[in-house]
Trainee: 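One structure, as structure tokens, below. Some questions next.
Side-chain atoms are counted along with the backbone in the values below, which use heavy atoms only and exclude waters and symmetry mates.
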Amino acid sequence: MLKNKILVSAFVLGISASGFSDKAIAEDLSTVYQMAITGNPNISLAEEQVSEGVAHQTNAFMGYLPEVSATFDREWVKQRIDRSDNTVFALGKGNFDNRRRTFQLQQHIFNFETIMNIVSSDMGRMRLKESLETAKQDVGYQAIEAYLSTLAAADDARLARIEHASMAERQVDVSARQKQGLATSYEADLVEARLAETDARVVATRTSYQRSFAQLQRRVGNLPASLATLARDVALPKLDDTNVDDWLDAALKTSPRVRAMDYSIDERRAALAADVGQAMPTFDFIFTDTRLDSGGSLFGGGSLTHEGVAMLRLNVPLFNPGGRGYEALETRSQVDQARYQRAIYLRELRETVSGTITELVNGPDRIKALVKGVQTHRRIVDAVKIKFDAGQSTVLDVLDEDEDLFAMERQALAAIYSHLLNYALIHQVTGTLGQEQVTSINQLLDPTLPMITAGTDFSQYGHDTMPISVQ
């Protein structure tokens, strides 16, 4: 789908980029995406399952080809006749050597079970092929999610460091004012408590950042040396078609997950028909060619015979065919289970599509509101600090405004990454996530800017006056 663009300067609400890695080249999203889908064990597993499905289909077709066998028998017979009224028989003992060679060909003329097994195997092969495409979609989306989550965790860690530095400045100011008798011990305790809170947030965000990198490594398979971050000016993608029913219709047609469920239903219906076929008559052609070299016996002389027999066999099962009971009773329930699973997923799909489209439509307006709120809070913080220096406001006022400002910045950052992730999600659930969508998001990254690594030290970050601007 075509995308409109909303211009956003996304260098995280005035956070400078010092403290990033000094590497000249970073892995952008396209590179990480290719790393994720290349040699991915989930995709490789799905590919092997497709190979298994192809082999299963081949074997099903083989079930209707002639069954050909050759049997070679050799017998050592020991006989003894103690008495006989037949004068031809020889009394006494004897050892004889018999040899038999049998060639048999059996061809199904009609076997409904075998026919439906072929149909079922074909549906199974198609289901596995769609499952392979589903695996590719899932791996791609998970790579994008992990990349953006890592960038979000990095921004959160930077903000925590900046907030901690700001609170440390407040503590120095209050301590100086307390010595001059301009601040109370209560105000000093307030600042110390907020500083301890920011200390804990620094540790928590750093832990979350490291966990995000570990998750990215698990999704990608290798730990990227460094990651490109958002450019200073980016254009958030916006969908032209925001009709939920249109996207649902597209999902029913293009989603490999839905198609796999459709093939699963057809596969189980064919398996049900095959199980019903166990109780149906079969019609076979059988040809047997036997060569017997008898070494003789006490009942008569040896012989060499050659016999060919052609036979048509009609087999009508009467009770408990094949000794397996009536498996159709089980398979019928499996068909219903597959139908219900599809119905459950379609409800989840509608919820996902509806919620994602709503967020994509409202996301830009929300970002505008958050940006405006950040700009307003910056002015309020500056004004409150001036009033505090003039003794017209308390340290609690300054602390509260600082906290509100950082909270608004975190919400704005979360809104940016949420919008990008929702853009990837709507294409993933409809089965259209690919290089085009990855490129659209990747264009928002700038690998020439300082980048982040697993060991980035965010303590070197400071404030930057450039805010996010929405045009």
Side-chain angles (χ1 to χ4, degrees), residues 1 29-30 32-57 119-149 215-216 218-221 239 244 246-271 334-335 337-357 360 420-441:
M1 293 185 177
L29 181 59
S30 290
V32 172
Y33 177 81
Q34 290 299 327
M35 292 170 60
I37 65 177
T38 302
N40 186 279
N42 292 325
I43 296 178
S44 298
L45 174 61
E47 290 173 340
E48 289 300 321
Q49 290 173 340
V50 171
S51 298
E52 179 184 1
V54 171
H56 180 64
Q57 184 184 28
V119 177
S120 177
S121 67
D122 185 51
M123 294 298 101
R125 178 183 61 84
M126 297 301 296
R127 172 180 58 81
L128 292 172
K129 287 184 63 177
E130 296 299 337
S131 296
L132 171 59
E133 294 303 315
T134 300
K136 292 179 180 178
Q137 293 283 311
D138 292 345
V139 168
Y141 174 76
Q142 290 169 3
I144 296 173
E145 181 185 35
Y147 193 108
L148 295 178
S149 297
Q215 183 185 56
L216 179 63
R218 178 173 66 86
R219 298 281 176 84
V220 175
L239 301 175
V244 174
D246 290 345
W247 281 95
L248 282 173
D249 291 340
L252 294 177
K253 297 176 182 178
T254 60
S255 171
R257 195 183 305 275
V258 174
R259 290 201 299 263
M261 291 182 174
D262 291 337
Y263 282 122
S264 177
I265 295 174
D266 293 339
E267 177 187 8
R268 297 187 185 190
R269 284 173 175 167
Q334 294 175 1
V335 173
Q337 291 176 38
R339 290 176 48 248
Y340 293 141
Q341 288 172 355
R342 183 181 186 277
I344 292 171
Y345 177 73
L346 289 184
R347 291 189 178 188
E348 296 174 354
L349 180 64
R350 172 174 285 278
E351 178 185 6
T352 300
V353 170
S354 178
T356 304
I357 292 295
L360 284 170
L420 297 179
L421 194 57
N422 283 327
Y423 176 73
L425 177 61
I426 194 62
H427 288 90
Q428 186 255 351
V429 296
T430 54
T432 56
L433 180 63
Q435 191 60 52
E436 179 182 352
Q437 288 70 38
V438 173
T439 301
S440 297
I441 299 176

Trainee: Sequence neighbours left out, what passes salt bridge (charged side-chain N to carboxylate O under 4.0 Å, His left out) with Arg268? Give chain and number order.
Mentor: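 Applying salt bridge (charged side-chain N to carboxylate O under 4.0 Å, His left out) to Arg268 gives none.
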Trainee: Just wondering, do Thr134 and Pro256 contact through their side chains at under 4.5 Å, heavy atoms?
Mentor: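 They are in side-chain contact.
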Trainee: List for me each residue that meets salt bridge (charged side-chain N to carboxylate O under 4.0 Å, His left out) alongside Asp249, sequence neighbours excluded, and say none if there are none.
Mentor: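 With neighbours one apart ignored, the set is empty.
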Trainee: So which of Val429, Leu349, Asp138 actually passes side chain to side chain contact (heavy atoms under 4.5 Å, CB included) with Arg257?
Mentor: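 Answer after filtering Val429, Leu349, Asp138: Asp138.
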Trainee: Let me confirm one number: the CZ-OH distance from Arg350 to Tyr345, rounded to the nearest 0.5 Å.
Mentor: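 So the gap between those two atoms works out to 13.5 Å.
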Trainee: Taking atom CD of Glu267 and atom CD of Gln334, what is their separation to the nearest 0.5 Å?
Mentor: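 Separation between the atoms: 9.5 Å.
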Trainee: Using modelled atom types only, decide if a donor and an acceptor are shared between the side chain of Gln437 and the backbone of Gly434 within a distance under 3.5 Å.
Mentor: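 Such a contact is found between Gln437 side chain and Gly434 backbone.
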Trainee: Please tell me if the side chains of Lys136 and Leu132 come closer than 4.5 Å, counting only heavy atoms from C-beta onward.
Mentor: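 Side chain of Lys136 against side chain of Leu132, heavy atoms only: contact under 4.5 Å found.
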Trainee: Is there a side-chain contact between Glu145 and Leu421, using heavy atoms and a 4.5 Å cut-off?
Mentor: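 Yes, at least one pair of side-chain atoms sits under 4.5 Å.
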Trainee: Find out whether Met123 and Ile265 are in side-chain contact, i.e. whether some heavy atom of one side chain is under 4.5 Å from a heavy atom of the other.
Mentor: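 No, their side chains stay 4.5 Å or more apart.
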Trainee: Considering only heavy atoms from C-beta outward, does the side chain of Leu239 approach that of His427 to under 4.5 Å?
Mentor: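 Yes, at least one pair of side-chain atoms sits under 4.5 Å.
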Trainee: Quick one: which of Val353, Leu346, Ile357 gives a side chain to side chain contact (heavy atoms under 4.5 Å, CB included) with Leu248?
Mentor: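 Answer to the side chain to side chain contact (heavy atoms under 4.5 Å, CB included) test with Leu248 among Val353, Leu346, Ile357: Val353.
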Trainee: Set out, in order, the CA-CA distance, both residues' side-chain angles and the distance that settles side chain to side chain contact (heavy atoms under 4.5 Å, CB included) for Ser255 and Thr430, then state yes or no.
Mentor: CA-CA 5 Å; Ser255 171; Thr430 54; 5.7 Å; no
Trainee: Any donor and acceptor pair, going by atom type alone, linking the side chain of Arg259 with main-chain N or O of Thr254 inside 3.5 Å?
Mentor: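 Checking the backbone N and O of Thr254 against the side chain of Arg259, a donor-acceptor pair under 3.5 Å is found.
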Trainee: Rounded to the nearest 0.5 Å, what separates atom OG1 in Thr432 from atom CH2 in Trp247?
Mentor: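 The distance works out to 5.5 Å.
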Trainee: Hey, what do you get for CG (Asp122) to CE (Met126), rounding to the nearest 0.5 Å?
Mentor: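 Output value for this atom pair is 7.0 Å.
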Trainee: Main chain of Asp262, side chain of Arg342: is a donor-acceptor contact present, judged purely on distance under 3.5 Å?
Mentor: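 No, Arg342 side chain to Asp262 backbone: no donor-acceptor pair under 3.5 Å.
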Trainee: Which pairs with one or both residues in residues 36-50 pass side chain to side chain donor-acceptor pair (under 3.5 Å), sequence neighbours excluded?
Mentor: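 Side chain to side chain donor-acceptor pair (under 3.5 Å) check on residues 36-50 returns no pairs.
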Trainee: Enter the distance from Leu420:CG to Tyr147:OH here, rounded to the nearest 0.5 Å.
Mentor: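 Taking CG in Leu420 and OH in Tyr147, the distance rounds to 11.5 Å.
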Trainee: Do Ile144 and Leu425 have side chains that get closer than 4.5 Å, going by heavy atoms?
Mentor: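 A side-chain contact is absent here, since even the closest heavy-atom pair is not under 4.5 Å.
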Trainee: Looking only at side chains, do Gln435 and Gln34 share a donor and an acceptor under 3.5 Å apart?
Mentor: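 Yes, Gln34 and Gln435 have a side-chain donor paired with an acceptor closer than 3.5 Å.
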Trainee: Where do Ser121 and His56 come nearest, in terms of heavy atoms and distance?
Mentor: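 Closest pair (atom of Ser121, atom of His56, distance): CB-CD2, 3.5 Å.
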Trainee: Does some side-chain heavy atom of Val32 sit less than 4.5 Å from a side-chain heavy atom of Leu216?
Mentor: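 A side-chain contact exists here, since the closest heavy-atom pair is under 4.5 Å.
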Trainee: For Ala260, does its backbone N or O pair with a side-chain atom of Ser264 as donor and acceptor, under 3.5 Å?
Mentor: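 No; judged by distance alone, with no hydrogens or angles, the pair does not exist.
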Trainee: Do the non-hydrogen side-chain atoms of Glu52 and Leu128 ever get within less than 4.5 Å of each other?
Mentor: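 A side-chain contact under 4.5 Å is absent here.
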Trainee: Any chance you could measure Arg218, atom CZ, to Gln142, atom CD, to the nearest 0.5 Å?
Mentor: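 The distance works out to 7.5 Å.
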